[in-house]
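The structure under discussion appears below in the form of C-alpha cells.
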Amino acid sequence: MPESILTCSGLRRIFKMGDSDVDVLKGVNLSVAAGEFVAIEGRSGSGKSTLLHVLGALDTPTSGQVTFEGQEIFAASATERSRLRNVSFGFVFQFYHLLPELNVLENTLLAAMVKHSWMGFRSNRSQLRNQATDILESLGLSHRLKHRPAHLSGGERQRVAIARALMNKPKVLFADEPTGNLDAETGGQIMRVLETLHAEGQTIVMVTHDRTIAKRADRGLILKDGQLTVG
C-alpha cells in the first residue's frame, strides 16, 4: 500500500458561541495514502468542512496534529503554511470563489500569480498561460477562455475552479462539496472530472453530504458527532 501523504491524530476543533464552547471535532484520526481518493460524508453542520479546512491548513485545530509528508503542519511558521497551501495543496469549493471581473483564463492563472513573485510571474507568463490553457482544454473549456464567470453555467464555473486548483500541480486536492451547488447531471460531470484526475494519480480528499457521490471514491468515511467512522 502506498505511504501516507497526509495524516491527522487527536484532532479537535472547538468554536466559541457566546459563553459556550462547541466541540465540532472530537479527536479525529485519519490517514490518507498517496494517490488515494477519500470521501468524508456528513450532514450539514457535522463539521466536515471544518475538518477539510484544518487538514488543508486553512484553519487551526484547537489540539491535535496534522502531518503532511512527515512534517507537522502546525509546527511550521505561518509563512511556511501559506506556501504549503499555495504549492502543495489545491482547493475546490462549493461556491467556486471565482473573481467576477476576471475571465476564465485569468481566474485559472490566479494560483500561479500567488505562487510566484510579480517578476517571477512576468518572466514565466507565456509558459504559465500555455499551462493554464492546456488544463482548461483538458476540462473542455478551450472555447470559454475569454468568458467571465457570469456567462458560465454552474458546471463550467466549477471546472474553472478545478483548473485553478490544478495550476500549481498540487500533491493533495481538497474538494469541499464540489457538487453541492449543482444539479445531479452536472454534478455527475464534475465527479467524472475528479475520477479522471484520480486515475492519473491525484490524491483527493472530498467532503460531501451526498452518499451517492461519496461512494464513487476509493474509501468512504462518515463524520458524525465529531468522530470518523467507516462509511
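What you see is a predicted model, and the numbers here were worked out from it, not measured in a lab.
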| request: May I ask you to decide if H209's main-chain N or O and E177's side chain share a donor-acceptor pair within less than 3.5 Å? | output: yes

| field | Listed partners of D176 passing side chain to side chain donor-acceptor pair (under 3.5 Å), at least two apart | value | S49, H53

Would you be so kind as to tabulate the donor-acceptor pairs closer than 3.5 Å made by side chains of residues 64-71, with sequence neighbours excluded?
unit_1, atom_1, unit_2, atom_2, d
E69, OE1, K171, NZ, 3.3
E69, OE2, K171, NZ, 2.9

| query | Excluding sequence neighbours, so at least two apart, what forms side chain to side chain contact (heavy atoms under 4.5 Å, CB included) with A163? | reply | T108, I135, L136, L139

| query | Sequence neighbours excluded, which residues qualify as ring pair (Phe, Tyr, Trp, His ring centres under 6.0 Å) partners of H198? | reply | F37

| said: With side-chain hydrogen bond (donor to acceptor under 3.5 Å, both in side chains) as the rule and sequence neighbours excluded, what pairs involving residues 13-23 come up? | reply: R12-D23, R13-D59, K16-D21

| task | Using the test side chain to side chain contact (heavy atoms under 4.5 Å, CB included), find all partners of S82 that sit at least two apart in sequence or belong to another chain. | result | R85, N86

| message | Taking side chain to side chain donor-acceptor pair (under 3.5 Å) as the definition, give me every residue that meets it alongside E72, ordered by chain and number, with sequence neighbours left out. | response | none

| query | If you take all heavy atoms of G187 and L182, which pair is closest and at what distance? | reply | N-CB, 4.0 Å

| field | Qualifying residues under side chain to side chain contact (heavy atoms under 4.5 Å, CB included), relative to A76, sequence neighbours excluded | value | E80, R81

| field | Pairwise side-chain hydrogen bond (donor to acceptor under 3.5 Å, both in side chains) hits with a residue in residues 142-151, at least two apart | value | R144-H147, R144-E156

| query | Taking only residues two or more places apart in sequence or in another chain, which ones pass side chain to side chain donor-acceptor pair (under 3.5 Å) with Q227? | reply | none

| message | Students often mix this up, so state it plainly: with edges at 30° and 60°, are the rings of F93 and F91 parallel, tilted or perpendicular? | response | parallel

| Sequence-distant partners of V38, side chain to side chain contact (heavy atoms under 4.5 Å, CB included), two or more places apart | V32, E36, I40, R219, L221

| request: Identify, with sequence neighbours excluded, every residue that meets side chain to side chain donor-acceptor pair (under 3.5 Å) alongside D183. | output: T186

| message | Quick one: does any side-chain atom of K224 pair with a main-chain N or O of S46 as donor and acceptor, under 3.5 Å? | response | no

